[in-house]
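All values below were derived from every heavy atom in this structure, side-chain atoms included, with hydrogens, water molecules and symmetry-related copies excluded.
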Amino acid sequence: MILIATCAAPQRCLIFPRLKKNGRPEIPRKTIYRLSIYLRCLARLHENGIGTVSSEALAKAAGVKPTQLRKDLAYFGTFGTRGLGYDVTDLFKKIAEELGTSRLQPVILVGVGHLGLALVSYRGFEKEGFEIVAAFDAEPKRKRDKQIKQPIYGMDELPDFVTKQNVKMAILTVPAVAAQEVANQLIDAGVTGILNFSPIVLSVPEEVMVNNVNLAIELENLSYFTQE
């Protein structure tokens, strides 16, 4: 089974920093975002039985220019054969490896309200390389509308769980008033990547990555373009 990486919407109105990993050259965050798009395009090609693809065809499918595609891939080495293009399977595996999605990564979710419950119930994460292994809430024993397979723990159990399970990523779906405090707890426990659904900009150390998902902002953006 091919695992497909997922990527949250980039933070709006913020500068995209360059990312440095394992002593490699600094990579623009927009490049990392585009890698996830390339991965999805390659997955569709694989599903359709296509073995090779040109940079022009892959770039068109991803909605970028061929020069941008080649520049993005150049950060990670030399790919493709002149006149033949890219081997779909090999390039997919390389990008998945760079994104860390060649194997299931454990993720926790904090805040099991209506949104959190919907996210933790979503089975699509696993085929994309991520597994929500547990949820945490201030009221773990509260009765909820839907049964989920993951255990729901109290916040006092979060530090030990993160350490023992080597969890590096968390989904945050708590109210804005509690978001910063919970983010601090996650960071203290060792989490270095947060997908933030709370409508607040979090203050985090430089080494911690936060992707903000604000559905209201996305709808406002659509609203602008739908006005007559």
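Panel note: side chain Asn221, backbone Ile217; no donor-acceptor pair is recorded below 3.5 Å. A donor-acceptor pair under 3.5 Å is absent between the side-chain atoms of Ser55 and the main chain of Pro66, judged by distance alone. Of the possible donor and acceptor atoms, none in the side chain of Asp160 sits under 3.5 Å from a partner among the backbone N and O of Lys164. Remark: the backbone N or O of Val120 is paired with a side-chain donor or acceptor of Gln150 at under 3.5 angstrom. With hydrogens and angles disregarded, a donor-acceptor distance shorter than 3.5 Å links the side chain of Ser121 to the backbone of Leu117. No side-chain donor-acceptor contact under 3.5 Å links Glu98 to the backbone of Lys94.
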Checklist entry - Please walk me through it: do Asp87 and Lys93 pass salt bridge (Lys or Arg N to Asp or Glu O under 4.0 Å)? => result CA-CA 10 Å; Asp87 182 284; Lys93 289 179 179 178; over 6 Å; no
Item to check | Worked verdict on Leu91 versus Leu58 for side-chain contact (heavy atoms from CB on, under 4.5 Å) | outcome: CA-CA 11 Å; Leu91 185 55; Leu58 182 55; 3.9 Å; yes
Item to check | Pair Leu99-Ile32, side-chain contact (heavy atoms from CB on, under 4.5 Å): steps then yes or no | outcome: CA-CA 8 Å; Leu99 292 174; Ile32 302 300; 4.0 Å; yes
Next on the checklist: Please determine whether side-chain contact (heavy atoms from CB on, under 4.5 Å) holds for the pair Thr173 and Leu109, giving the CA-CA distance in whole Å, both sets of side-chain angles, and the decisive distance to 0.1 Å.
Outcome noted: CA-CA 7 Å; Thr173 54; Leu109 180 141; 3.8 Å; yes
Checklist entry - Does the pair Thr31 and Lys71 meet the rule for a side-chain contact (heavy atoms from CB on, under 4.5 Å), with working shown? => result CA-CA 9 Å; Thr31 293; Lys71 181 179 179 182; over 6 Å; no
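The minimum heavy-atom distance linking Val53 with Ala57 is given by the pair CG2-CB, 3.7 Å. Considering all non-hydrogen atoms of both residues, Ala189 and Leu158 come closest at CB-CD2, 3.8 Å. What you find for Val167 and Val191 is that their closest heavy atoms are O-CG2, 4.1 Å. Counting all heavy atoms, side chain and backbone alike, Val112 lies closest to Arg144 at O-NE, 3.0 Å. Nearest heavy-atom pair, Asp137 versus Pro140, reported as atom, atom and distance to 0.1 Å: O-CD, 3.4 Å. Here the shortest heavy-atom pairing between Val201 and Gln180 reads O-OE1, 4.4 Å.
The hydrophobic cluster containing Leu222 does not contain Tyr224, counting ILVMFWY residues as joined when their side-chain heavy atoms lie under 4.5 angstrom apart, directly or transitively. Clustering ILVMFWY residues whenever any of their side-chain heavy atoms sit less than 4.5 angstrom apart, transitively, puts Met169 in the very cluster that holds Tyr122.
Here the side chains of Ile37 and Leu35 are not in contact, with every heavy-atom distance at 4.5 Å or above. Contact check for Ile187 versus Pro205: side-chain heavy atoms found under the 4.5 Å cut-off. By the 4.5 Å heavy-atom criterion applied to side chains, Leu119 and Ile171 are counted as neighbours. In this structure the side chain of Phe197 never reaches within 4.5 angstrom of the side chain of Asn212, judged on heavy atoms. Residues Ile200 and Val177 fail the side-chain proximity criterion, which asks for heavy atoms closer than 4.5 Å. Side-chain contact between Tyr86 and Ser54 is absent, with no heavy atoms from C-beta onward closer than 4.5 Å. Counting only heavy atoms from C-beta outward, the side chains of Val213 and Leu195 approach each other to under 4.5 Å. Using a 4.5 Å heavy-atom threshold, the side chains of Met155 and Gln185 count as touching.
With sequence neighbours left out, Phe225 forms a ring-ring contact (aromatic ring centres under 6.0 Å, His included) with no residue at all. Residues passing the side-chain contact (heavy atoms from CB on, under 4.5 Å) test with Lys168 are Asn166, Thr192, sequence neighbours excluded.
Ionic pairing of Glu126 and Lys149 is present here: one or more N-O contacts between side-chain nitrogen and carboxylate oxygen are shorter than 4.0 angstrom.
For the residue pair Glu218/Asn214, the side-chain donor-acceptor check at 3.5 Å is not satisfied.
A ring-ring contact (aromatic ring centres under 6.0 Å, His included) check over residues 146-175, counting only residues at least two apart or in different chains, returns the pairs Phe136-Tyr153, Phe136-Phe161, Tyr153-Phe161.
Atom CD of Gln227 is surrounded by more than 12 heavy atoms from other residues, nucleotides or ligands within 6.0 Å. Within a 6.0 Å sphere centred on CD of Glu207, other residues, nucleotides and ligands contribute more than 12 heavy atoms. Atom CD of Glu157 sits in a crowded spot, with more than 12 heavy atoms from other residues, nucleotides or ligands closer than 6.0 Å.
Rounded to the nearest 0.5 Å, atoms CZ (Arg40) and CZ (Phe92) are 9.5 Å apart. To the nearest 0.5 Å, the span separating CG on Asp72 from NZ on Lys30 amounts to 11.5 Å.
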